[in-house]
Protein chains: 2
Amino acid sequence: MTVTLADVAARAQVSPATVSRVLNGNYPVAAATRERVLRAVDDLDYVLNGPASALAAATSDLVGVLVNDIADPFFGIMAGAVQSEIGGPGGRAGGERMAVVCNTGGSPERELTYLTLLQRQRAAAVVLTGGAIEDAEHAAAIAGKLRRLAEAGSRVVLCGRPPSPDTDAVAALTFDNRGGGRQITEHLLGLGHRRVGYIAGPEERTTTRHRLEGHRAALAARDIEDDPALTVHGPYDRRSGYDATVELLRRAPDLTAVVAANDTVALGACAALRDKGLRIPDDVSVAGFDDLPFSIDVVPALTTVRLPLHEAGARAGRIAMGKEKPPPGGVATVHGELMVRGSTAGPR
Amino acid sequence: MTVTLADVAARAQVSPATVSRVLNGNYPVAAATRERVLRAVDDLDYVLNGPASALAAATSDLVGVLVNDIADPFFGIMAGAVQSEIGGPGGRAGGERMAVVCNTGGSPERELTYLTLLQRQRAAAVVLTGGAIEDAEHAAAIAGKLRRLAEAGSRVVLCGRPPSPDTDAVAALTFDNRGGGRQITEHLLGLGHRRVGYIAGPEERTTTRHRLEGHRAALAARDIEDDPALTVHGPYDRRSGYDATVELLRRAPDLTAVVAANDTVALGACAALRDKGLRIPDDVSVAGFDDLPFSIDVVPALTTVRLPLHEAGARAGRIAMGKEKPPPGGVATVHGELMVRGSTAGPR
DNA sequence: CTGTTAGCGCCTTCAG
DNA sequence: CTGAAGGCGCTAACAG
């Protein structure tokens with residue numbers, strides 16, 4: 001019923017092997033023969049059977065992309081960038097690799113499950129985005145899975161995640177979250193702020209910890225007390241920013257600035273401040289992190305640290321495909337850039 | 001080297017068929033036997049070979065999701081929702097289906113290419129999101145591809161895209177773009193606006209056309225002239241909103257409101273107005289469409305039409321998996337809800 | 001409930 | 001440059 005390679009071969013009057021070679025283009029085939037085969041393919045509307053080739057060739061053209069939440073532009077941008085680079089060298093509808101996007105929701109189990117599923121698919125590569133969960137047991141489990149994936153021939157690339165030891169990753173592009181966190185707080189301190197609230201991300205995640213460490217380093221460098229009451233943890237979403245800000249304001253009505261773990265959280269913080277009748281930045285300055293597309297459009301525009309998400313994702317994609325050499329030592333640090341905008345100013 | 005079903009069978013002292021049955025759980029197997037097999041699987045760290053099963057079973061556990069741009073939350077939200085519903089009935093790391101996200105960038109060729117690639121993968125289902133391109137030739141090509149996909153056993157579901165004839169889609173969930181477009185303009189007219197600029201999406205797309213038709217219907221219902229100078233087309237991005245607004249202002253300095261094709265475009269429009277020294281909504285009202293998460297956080301909050309993107313995506317996913325019955329006739333219209341917020345008010 | 005027997009459709013040596 | 005042959009790892013009838 002469904003047309004197979006053999007049908008094409010018959011129609012083109014060549015052997016199945018020849019058709020295979022034409023389709024994969026990895027082997028010399030006479031131009032005339034190729035033409036004949038291609039015509040037969042068209043005539044028959046033939047479409048290669050992916051699973052069959054994957055089985056025979058022991059590798060598929062699927063690339064896994066693990067993200068926390070694809071609805072979040074932070075991940076959407078990276079996933080899109082990865083995807084834009086994994087296409088083959090072009091040509092017909094061949095050579096193209098496809099991205100399997102796996103939404104882990106930040107859950108360790110789902111992360112593991114998806115890795116297994118990708119191993120099952122014999123994924124050509126796997127790109128893990130976003131911060132890692134800081135739990136020894138889980139880290140070991142992940143490392144084990146990644147090792148097995150690598151052994152099975154998948155190229156593993158970390159994007160925006162710190163390199164973890166014995167992972168067999170081809171490369172790790174890690175964001176300089178610590179440096180960025182430090183920059184943003186330094187900017188605020190430089191403006192004269194002394195009571196700075198910090199809305200951190202969820203605990204036990206490298207991203208959260210690094211950004212917070214940067215913040216603290218900036219405080220320490222100026223000998224400013226790191227009042228524990230000024231730090232609140234919560235998920236990376238708007239709601240958390242809102243609630244945390246209300247809480248911070250309750251604990252420390254004297255604060256003059258709020259640093260949020262990321263832009264989305266910062267948005268929630270702004271909303272809370274506004275609801276309390278506080279003006280930004282006149283009464284309270286607000287800063288975010290990531291520089292998502294909307295951040296320049298909120299009013300006042302958000303001061304934040306720009307992370308080159310698209311570039312990083314694209315590079316991860318190219319490295320995963322072997323189109324670009326991994327960085328020396330397999331690790332590259334991607335730095336953020338402080339974007340000073342209207343949401344921060346000197347304290348009252 | 002790599003461990004296979006046969007290895008597991010040997011270790012559990014059963015036949016390969018039995019192992020297969022345990023793993024797929026579609027067949028009765030004695031509890032004791034199952035235990036033994038499962039233990040062997042664990043001991044050997046066995047992972048099923050996806051391509052091999054797909055070949056033998058003639059179906060894969062991949063679900064294609066076509067989107068214009070995964071970095072855009074409009075699509076990210078739907079893709080995430082689809083993905084959340086395609087998981088199997090649960091259980092071990094089995095039964096899980098994975099989402100192959102295909103970024104078409106709005107290009108007809110890429111749309112076709114990806115459909116072919118999904119057919120090659122023998123995708124269990126394919127969900128097409130977003131509006132369709134209005135070009136007879138392309139529409140026919142797509143319809144043909146979809147028909148072939150359906151014949152090959154993939155369940156095709158449209159999400160946010162009008163039902164196209166002879167497509168063999170299991171279901172089409174279409175957004176009521178016309179109704180939404182009409183509502184938003186009616187809202188503005190009700191406030192007293194008479195000169196309303198309209199920033200439409202790219203031409204030749206159903207979404208663009210329907211929203212614009214709704215806008216015009218609202219004007220017509222009030223016998224207000226549809227001044228062609230008040231409509232500008234452009235891509236669905238911020239930049240386009242900015243540029244279009246500058247152009248509208250040039251053409252019609254007397255306009256008192258701007259309706260954007262979607263929220264992202266509206267953001268650009270707001271930025272342009274602000275740069276021109278115009279206040280929102282005091283000088284010019286602005287309205288968007290979609291109600292993306294950031295829309296409530298911009299200042300002033302955006303009046304817009306909320307589309308239940310997550311719900312629609314989830315439903316599409318369930319229908320694609322056969323977990324939910326398709327709507328009667330295969331077509332369901334998903335209505336938007338007018339969200340009146342601070343960005344619109346009566347004219348000066 | 002379990003084992004046996006054939007393929008699924010393609011790639012890939014190996015000859016020629 | 002092209003053909004022939006074997007097997008990739010699993011599933012799906014059939015028997016039993």
Side-chain angles (χ1 to χ4, degrees), chain A residues 1-38 40-41 44-62 94-95 117 119-124 152-153, chain B residues 1-38 40-41 44-62 94-95 117 119-124 152-153:
Chain A
M1 205 216 85
T2 149
V3 24
T4 78
L5 232 198
D7 300 328
V8 175
R11 188 170 227 278
Q13 308 189 68
V14 293
S15 74
T18 301
V19 177
S20 170
R21 298 198 260 249
V22 171
L23 261 23
N24 293 304
N26 309 327
Y27 239 73
V29 173
T33 315
R34 174 203 307 302
E35 283 311 314
R36 212 144 27 92
V37 170
L38 256 21
V41 167
L44 265 34
D45 235 342
Y46 172 66
V47 175
L48 203 58
N49 183 317
S53 6
L55 172 58
T59 169
S60 79
D61 37 9
L62 260 24
L117 253 21
Q119 179 182 351
R120 170 191 300 190
Q121 295 299 337
R122 304 302 188 252
Chain B
M1 204 216 84
T2 147
V3 23
T4 77
L5 231 198
D7 299 330
V8 175
R11 190 171 225 278
Q13 307 188 66
V14 293
S15 73
T18 300
V19 177
S20 169
R21 297 198 261 249
V22 170
L23 261 23
N24 292 304
N26 309 327
Y27 238 75
V29 174
T33 316
R34 173 202 310 301
E35 282 312 312
R36 218 153 13 103
V37 170
L38 255 21
V41 167
L44 264 34
D45 236 340
Y46 171 67
V47 175
L48 202 59
N49 183 317
S53 6
L55 173 57
T59 169
S60 79
D61 37 9
L62 260 24
L117 253 20
Q119 179 182 353
R120 171 192 297 190
Q121 294 299 336
R122 303 302 189 252

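Just so we're on the same page: letters track the sequence lines, and every chain starts at 1.
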Under 4.0 angstrom between B:Ser15 side-chain N/O and C:dG3 OP1 or OP2: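 Answer yes for this pair, as a side-chain N or O of B:Ser15 is under 4.0 Å from OP1 or OP2.
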Distance below 4.0 Å between A:Thr33 side-chain N/O and D:dC1 OP1 or OP2: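 No, no such contact exists.
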Which atom of A:Arg34 lies closest to which atom of A:Val29, heavy atoms considered: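 Closest approach of A:Arg34 to A:Val29, heavy atoms only: NH2-O, 3.8 Å.
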Contact state string [nucleotides 11-16 of chain D, B base, S sugar-phosphate only, - no protein heavy atom under 4.0 Å]: BBB---
For the pair made of [atom1] in [X] and [atom2] in [N], what is the distance, rounded to whole Å?
{"X": "A:Leu55", "N": "C:dC8", "atom1": "CG", "atom2": "P", "value": "13 Å"}
{"X": "B:Gln121", "N": "C:dC10", "atom1": "CD", "atom2": "C1'", "value": "14 Å"}
{"X": "A:Asn49", "N": "D:dC8", "atom1": "CG", "atom2": "C1'", "value": "13 Å"}
{"X": "A:Arg122", "N": "D:dC8", "atom1": "CZ", "atom2": "C1'", "value": "11 Å"}
{"X": "B:Arg36", "N": "C:dC1", "atom1": "CZ", "atom2": "P", "value": "15 Å"}

Toward the 5' end of DNA chain C, by each residue's nearest nucleotide, B:Pro28 or A:Pro51: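 First, find each residue's nearest nucleotide; the 5'-ward one identifies B:Pro28.
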Counterpart residues, side chain to side chain donor-acceptor pair (under 3.5 Å), relative to A:Ser53 (two or more places apart):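 A:Ser53 satisfies side chain to side chain donor-acceptor pair (under 3.5 Å) with no other residue.
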Partners meeting side chain to side chain donor-acceptor pair (under 3.5 Å) with B:Gln121 (sequence neighbours left out):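 Partners of B:Gln121 by the side chain to side chain donor-acceptor pair (under 3.5 Å) criterion, ordered by chain and then number, come out as A:Asp61.
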Does [X] reach the side chain of [Y], with side-chain heavy atoms less than 4.5 Å apart?
{"X": "B:Val3", "Y": "B:Asp45", "result": "no"}
{"X": "A:Pro51", "Y": "A:Asn49", "result": "yes"}
{"X": "A:Leu5", "Y": "A:Tyr46", "result": "yes"}
{"X": "A:Thr18", "Y": "A:Ser15", "result": "yes"}

Side chain B:Ser60, main chain B:Arg122, donor-acceptor under 3.5 Å: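 Side chain of B:Ser60 to backbone of B:Arg122, a donor-acceptor pair under 3.5 Å: yes, one is there.
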Interface with DNA chain D, restricted to residues 7-14 of chain A and to heavy atoms under 4.0 Å: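 A:Val14 - these, ordered by number, are the residues of the stretch whose heavy atoms sit under 4.0 Å from the strand.
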Candidate nucleotides D:dG3, C:dG9, C:dC1, ranked by approach to the side chain of A:Thr18 - the nearest: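 Per side-chain heavy atoms of A:Thr18, the pick is D:dG3.
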Residue B:Ala30, side-chain atoms from C-beta onward, closest of C:dG3, C:dC1, C:dG9: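 Out of C:dG3, C:dC1, C:dG9, the nucleotide with an atom closest to B:Ala30's side chain is C:dC1.
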Test side chain to side chain contact (heavy atoms under 4.5 Å, CB included) applied to B:Val41 and B:Leu23, step by step: CA-CA 9 Å; B:Val41 167; B:Leu23 261 23; 4.2 Å; yes
Enumerate donor-acceptor pairs with a distance under 3.5 Å from any side-chain N or O in residues 7-14 of chain A to protein atoms, sequence neighbours excluded.
unit_1	atom_1	unit_2	atom_2	d
A:Asp7	OD2	A:Thr4	N	2.8
A:Arg11	NH1	A:Asp43	OD2	2.7

Bend angle of the helix from C:dC1-D:dG16 to C:dG16-D:dC1, from helix axes over five pairs at each end, nearest 10°: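 Its terminal axes enclose an angle near 20°.
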